[in-house]
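This report concerns only the one structure given below.
Chain naming here is simple, since letters A, B, ... match the order of the sequence lines and numbering starts at 1 in each.
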Amino acid sequence: MTWEVALILSADGLANGAVYLLAGLGLVLVFSVTRVVFVPFGDVIAFSALTLAAFEAGRTPPTIGLVLTLALLALAAELWRLARRREFARMPRALLLWGLLPALPCVFAWAVAGRTLPAVVTIVASIALVVPIAPLIARVALQPIADASVLVLLIASLALHFLLSGLGLLFFGPEGFRTEPLVGGALTLPGGFPVSAQTLLMIAAAIVLSGLFYLLFERTLHGKALRATAINRVGARLVGIRPARTAALAYGGASLLAGLIGVLVAPVTTMYYDSGFIIGLKAFVAAIIGGLSSYPLTAAGALAVGLVESFASFWSGALKDVIVFGMLIPVLLLRSLLVARVEDEEEEIDG
Amino acid sequence: MSTALLEIGGLHVSYGRVEAVHGVSVALLPRQIVSVIGPNGAGKTTLLAAAMGLLPSLGTLRFEGEDLHGLDVEARVERGLCLVPERRELFGELSVQDNLQLGAYAGRLRRDALRRRLDSVYQRFPRLAERRAQRASTLSGGERQMLTLGRALMSAPRLLMLDEPSLGLAPLIVSEILAIVRGLRDDGVAILLVEQNARIALESSDYGYVLETGEIALAGESAALAGDPRVRATYLGGGTDDE
Ligand SMILES: Nc1ncnc2c1ncn2[C@@H]1O[C@H](COP(=O)(O)OP(=O)(O)OP(=O)(O)O)[C@@H](O)[C@H]1O
Ligand SMILES: [Mg+2]
């Protein structure tokens with residue numbers, strides 16, 4: 001392998017790593033607040049990419065129907081809950097939150113569809129349209145079992161993935177799409193080595209978004225409230241933080257990340273209704289490296305996964321996924337050793 | 001007692017099919033410290049958890065005349081109820097300062113109001129001010145207790161419910177903490193104090209209840225209760241005449 005090749009592979013690896021980083025942040029965000037391994041994350045990525053493709057083809061994205069259907073289900077669930085608890089006064093709020101709010105991006109998307117508008121508008125419309133998806137499916141299927149064990153939640157989450165993926169096939173069809181490049185051209189690094197602008201954009205997006213993430217969690221009270229819910233649910237409730245609300249925020253944040261990932265990868269990868277799953281799975285490897293709780297470790301893990309994948313595909317395209325997922329074994333071994341020690345320590349200070 | 005701040009009447013609380021609190025009545029006036037003493041497993045923690053909404057209950061439960069049954073925990077926090085739980089429930093991986101700031105979460109304070117409240121808590125607990133950047137999980141037992149109390153004060157509660165504030169603390173810190181609690185009463189906060197340590201509970205309170213196996217066995221002015229032969233025999237360590 002020459003330096004040239006190694007550099008190309010590294011740039012590729014970092015671009016992929018950037019995607020896994022964003023996805024990994026989303027997975028850790030949801031897991032730490034709700035203890036749900038959010039498998040449908042990848043589906044939201046695919047839906048965002050396919051929504052953008054539909055806009056570019058001049059069609060009305062079928063995502064609108066999907067979001068409205070989910071919103072109706074969530075609204076019914078919420079109204080039923082309020083009716084059972086006789087809290088009729090809170091119904092208008094529920095109507096606003098679960099009915100009207102998700103409908104807004106649908107209206108926007110519907111207005112945008114079929115017109116020739118700057119790419120930015122359709123990109124924003126695509127992302128905005130998928131943002132309600134995760135909070136809505138979580139409200140319908142995961143919130144009612146929020147206190148169940150991690151395993152039960154994982155099973156429900158897997159089932160949701162299959163359901164969404166089926167809906168994806170129904171709404172978007174089996175064809176693959178690739179969208180217009182977001183940015184064209186290439187940059188020449190010192191030494192005459194070209195890097196495509198798309199690669200740089202992906203890396204820049206990851207850096208900026210993880211910076212925002214850090215600020216949100218370290219500097220704002222709401223970010224701290226999210227972390228507090230993750231650390232101690234009872235403690236959070238006792239200071240007036242509603243876990244259901246923080247969960248909705250976490251799902252919304254994850255959905256937003258998935259939407260961004262979708263429009264970032266769609267120009268360089270042909271996306272099918274089920275293409276998101278494998279991205280989510282590799283991000284999951286990164287999240288496991290971060291113990292499903294540490295954002296910095298997850299970020300490092302994501303870059304490692306991207307690089308390993310890129311170099312592995314150079315040596316053996318057929319084996320690259322095997323190698324990436326094979327990384328899990330040493331990571332899990334190491335983690336189980338570390339975790340055992342941490343738990344011993346926590347037992348002492350608990351009380 | 002129509003002027004009661006908190007009115008608990010004939011309250012039943014169950015864990016699944018097992019009832020732990022059988023028709024307990026407790027009343028609390030504004031600016032009053034009321035203590036509930038009793039042996040292990042009497043249902044003291046259960047009673048507080050039900051008042052806070054952590055456990056469902058049957059019976060009368062009113063705060064300033066408003067029925068609490070329709071309100072969830074968070075709404076009760078917004079009304080001014082605050083529980084310092086037996087298990088402390090701090091945010092171990094967050095800093096002392098973050099824990100305190102989150103204590104005011106329900107108040108939705110502006111930045112400067114939050115700052116002022118934080119300063120007043122630091123004034124009360126200078127130890128916390130020294131350790132504001134330290135992770136809560138690394139505090140000593142006494143410091144954790146101060147942090148739990150500090151976090152509770154951040155919400156500016158109208159009714160503070162304390163579950164065994166003396167648990168695992170040295171006598172000196174216990175009297176320090178109880179002095180703070182009495183100071184709070186003078187600031188207009190009502191306090192429901194649950195304690196194993198009957199002596200300090202009755203010394204610090206205006207009115208007391210003895211809870212035994214989920215039922216009120218005795219009730220009365222704290223001073224009178226402390227002189228009651230049954231209380232002396234069971235909770236104040238025999239008939240020694242040391243007070
Ligand atoms: N989660 C639970 N599930 C079932 N039973 C419980 C649960 N928590 C408490 N109990 C039972 O309810 C009864 C009252 O418990 P509670 O914790 O209220 O007692 P306590 O008066 O606070 O005791 P202590 O002084 O030891 O803290 C006990 O018999 C206990 O075993
Ligand atoms: Mg107790």
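- Contacts between Leu167(B) and chain A at a heavy-atom distance below 4.5 Å are absent for every atom of the residue.
- Asp72(B) is listed as a side-chain neighbour of Arg237(A), based on a closest heavy-atom distance under 4.5 Å.
- A distance of 9.0 Å separates CG in Leu102(B) from CD1 in Ile231(A), rounded to the nearest 0.5 Å.
- Heavy atoms closer than 4.5 Å to chain A are found nowhere in Arg111(B), neither backbone nor side chain.
- Of the two parts of Ala104(B), neither the backbone nor the side chain holds a non-hydrogen atom closer than 4.5 Å to a non-hydrogen atom of chain A.
- Enclosure of atom CG in Leu212(A) by more than 12 non-hydrogen atoms of other residues, nucleotides or ligands within 6.0 angstrom is indicated.
- Between atom CD of residue Glu93(B) and atom OG of residue Ser293(A) there is a gap of 7.5 Å, rounded to the nearest 0.5 Å.
- Side chain of Asn232(A) to main chain of Phe91(B): no donor-acceptor pair is present (N/O by atom type, distance under 3.5 Å, no hydrogens or angles).
- Summarising the geometry, atom CD belonging to Gln101(B) is positioned 10.5 Å from atom OG1 belonging to Thr220(A); distances are rounded to the nearest 0.5 Å.
- Neither the backbone nor the side chain of Arg76(B) comes within contact range of chain A, judged by heavy atoms closer than 4.5 Å.
- Neither the backbone nor the side chain of Ala230(A) comes within contact range of chain B, judged by heavy atoms closer than 4.5 Å.
- For Ile329(A), the CD1 atom sits in a loose shell: 12 or fewer heavy atoms of surrounding residues, nucleotides or ligands are nearer than 6.0 Å.
- Across Tyr105(B) and Ala225(A), no two heavy atoms sit closer than the pair CE1-CB, 3.5 Å.
- Between Ala106(B) and Gly240(A) the shortest heavy-atom distance is CB-CA, 4.2 Å.
- Taking CZ of Arg227(A) as the reference point, atom CG of Leu94(B) lies at 5.0 Å (rounded to 0.5 Å).
- The neighbour count for His69(B) NE2, taken as heavy atoms of other residues, nucleotides or ligands under 6.0 Å away, is above 12.
- Other residues, nucleotides and ligands place no more than 12 heavy atoms under 6.0 Å from the CZ atom of Arg93(A).
- Atom CZ of Arg242(A) sits in a crowded spot, with more than 12 heavy atoms from other residues, nucleotides or ligands closer than 6.0 Å.
- In this structure, Val77(B) and Leu238(A) have side chains that are not in contact, with every pair of non-hydrogen atoms separated by 4.5 Å or more.
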